[in-house]
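What follows is a set of notes on a single structure, which appears directly below.
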There are 2 protein chains.
Amino acid sequence: MYEKKIPKSFECGMAVLMEIIGGKWKSYMVFLIHKGVRRPSELQRAVPSASRRVLNLQLRELEFHGIVKRVIYPEAPPRVEYFLTEFGTSLMPVVTAMDNWGTGYLGAFKALMEKKQAPAPAAAMQ
Amino acid sequence: MYEKKIPKSFECGMAVLMEIIGGKWKSYMVFLIHKGVRRPSELQRAVPSASRRVLNLQLRELEFHGIVKRVIYPEAPPRVEYFLTEFGTSLMPVVTAMDNWGTGYLGAFKALMEKKQAPAPAAAMQ
DNA sequence: TCGGATAGGGAAAATTTTTTCCCTGTGTCA
DNA sequence: TGACACAGGGAAAAAATTTTCCCTATCCGA
């Protein structure tokens with residue numbers, strides 16, 4: 001993948017979880033696969049802002065950790081599907097809790113971001 | 001902080017949560033502060049592998065998002081303490097769920113990591 | 001036969017995050 | 001007075017992650 005120069009320490013579970021679903025699009029893909037989006041091309045269309053390359057890389061990492069299973073159908077135009085493993089499914093409550101919390105904060109968060117973007121609104125108007 | 005060139009999209013709650021506690025040490029600091037480790041120097045001693053600089057930066061971001069409150073005591077040698085806000089406390093169940101899941105996987109995870117480190121054990125022995 | 005869909009890898013560039021190094025101050029203890 | 005504790009910032013380097021670009025191969029339909 002890439003040889004790390006700074007060794008990571010995995011003393012707390014957080015660090016482990018982050019290693020597994022901390023990638024930019026990983027948790028979203030776990031979501032999508034759970035929802036039934038299985039084929040690589042479908043996933044790519046579902047996350048158009050992600051580069052095709054990284055989706056592949058991160059799917060492979062999820063597979064490496066046993067979160068998803070990659071099934072190759074020996075068909076004419078090659079077909080591949082990803083499925084959550086039982087282990088991967090055990091992640092769903094966690095991922096769902098994370099998403100719910102984030103969604104709850106979403107409104108305030110966006111307001112905060114806009115305030116950050118426009119730091120001096122007083123003089124800007126009229 | 002740093003001007004991003006690639007705009008982030010926060011359509012799903014996951015992305016929001018990641019923005020807030022996705023930093024390398026952020027979730028751990030939320031933990032520690034919740035446990036009662038309050039002062040910057042204490043936090044730095046608790047996470048010696050993190051650079052002092054990043055801990056400060058990430059604490060400020062947590063403060064910016066309203067997760068922690070920074071209290072400065074106007075004392076002789078300056079003293080600062082961080083506290084979880086009520087909002088920050090609402091993160092605890094999520095962070096705890098994340099940590100628990102990761103801890104449950106820890107054993108298998110370490111085994112996997114070691115296997116990755118030593119890819120060809122057969123020829124190496126004797 | 002050409003174009004597009006399928007699936008994917010390699011290399012290098014760009015971007016983002018984290019670290020390292022050096023700097024400011026005040027106060028306490030020896 | 002010198003060393004160390006406290007708290008922290010700026011700049012640049014290093015590290016890590018993600019994107020971009022180009023490549024292979026097969027099959028289907030026009």
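Everything numeric here is computed off the predicted structure, so don't read it as measured data. Letters A, B, ... are given to chains in the order of the sequence lines, protein chains preceding strands, and every chain is numbered from 1.
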From C-beta outward on [X], which listed nucleotide comes closest to its side chain: [options]?
X: B:Arg52; options: C:dT16, C:dT19, D:dG9; answer: D:dG9
X: B:Pro78; options: D:dA15, D:dG8, D:dC6; answer: D:dC6
X: A:Ser51; options: D:dA16, D:dG8, D:dT19; answer: D:dT19
X: B:Asn56; options: D:dC6, D:dG8, D:dA16; answer: D:dG8
X: A:Ile6; options: C:dT18, D:dA15, C:dG9; answer: D:dA15
X: A:Val80; options: C:dG8, D:dT19, C:dT19; answer: C:dG8

Original post:
What orientation do A:Phe87 and B:Trp101 show, parallel under 30°, tilted 30 to 60°, or perpendicular over 60°?
Top reply: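 Parallel.
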**OP:** Heavy atoms only: give me the nearest B:Val68-B:Thr85 pair and the separation to one decimal.
**Re:**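 Minimum heavy-atom contact is C-CG2, 3.8 Å.
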If you compare every side-chain N and O of [X] against the phosphate oxygens of [N] (OP1, OP2), does one of them come in below 4.0 Å?
X: A:Arg53; N: D:dC21; answer: no
X: B:Gln58; N: C:dT18; answer: yes
X: A:Arg79; N: D:dC27; answer: no
X: B:Arg70; N: D:dG8; answer: yes
X: A:Lys8; N: D:dA16; answer: no
X: A:Ser41; N: C:dA7; answer: yes

**OP:** Would you check if the distance from the ring center of B:Phe31 to the ring center of B:Trp25 is below 6.0 Å?
**Re:**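 Judged by ring-centre distance (under 6.0 Å), B:Phe31 and B:Trp25 do not meet the cut-off.
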Original post:
Are B:Lys69 and B:Glu63 ion-paired here, with the side-chain N under 4.0 Å from a carboxylate O?
Top reply: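 Salt bridge: no.
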Original post:
Relative to A:Tyr73, does A:Arg79 satisfy both conditions: NZ or CZ under 6.0 angstrom from the six-membered ring centre, and within 45 degrees of the ring's axis?
Top reply: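 So A:Arg79 does make the cation-pi contact.
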Nearest whole angstrom, please: distance from the [atom2] of [N] to the [atom1] of [X].
X: B:Glu19; N: C:dT17; atom1: CD; atom2: C1'; value: 12 Å
X: A:Gln44; N: C:dG8; atom1: CD; atom2: P; value: 8 Å
X: B:Leu55; N: D:dG9; atom1: CG; atom2: C1'; value: 15 Å
X: A:Leu43; N: C:dT6; atom1: CG; atom2: C1'; value: 14 Å
X: B:Arg60; N: D:dG8; atom1: CZ; atom2: C1'; value: 7 Å
X: B:Glu81; N: D:dG8; atom1: CD; atom2: P; value: 12 Å
X: A:Met18; N: D:dA16; atom1: CE; atom2: P; value: 18 Å
X: A:Leu57; N: D:dC21; atom1: CG; atom2: C1'; value: 15 Å

Original post:
Of the residues in residues 24-40 of chain A, which ones touch DNA chain D at a heavy-atom distance under 4.0 Å?
Top reply: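 Output list: A:Lys24, A:Trp25.
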**OP:** Answer yes or no: is there a donor N or O on one side and an acceptor on the other, between the side chain of B:Glu114 and the main chain of B:Ala111, under 3.5 Å?
**Re:**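 Looks like no, no N/O pair under 3.5 Å.
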**OP:** Please tell me if the side chains of A:Gln44 and A:Asn56 come closer than 4.5 Å, counting only heavy atoms from C-beta onward.
**Re:**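 A side-chain contact under 4.5 Å exists here.
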Original post:
Between B:Tyr82 and A:Ala50, who's closer to the 5' end of DNA chain D by nearest nucleotide?
Top reply: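 Its nearest nucleotide being more 5', the pick is B:Tyr82.
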Original post:
Judged by modelled atom types alone, do A:Arg38 and A:Tyr82 share a side-chain donor-acceptor pair under 3.5 Å?
Top reply: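 Absent: no donor and acceptor within the cut-off.
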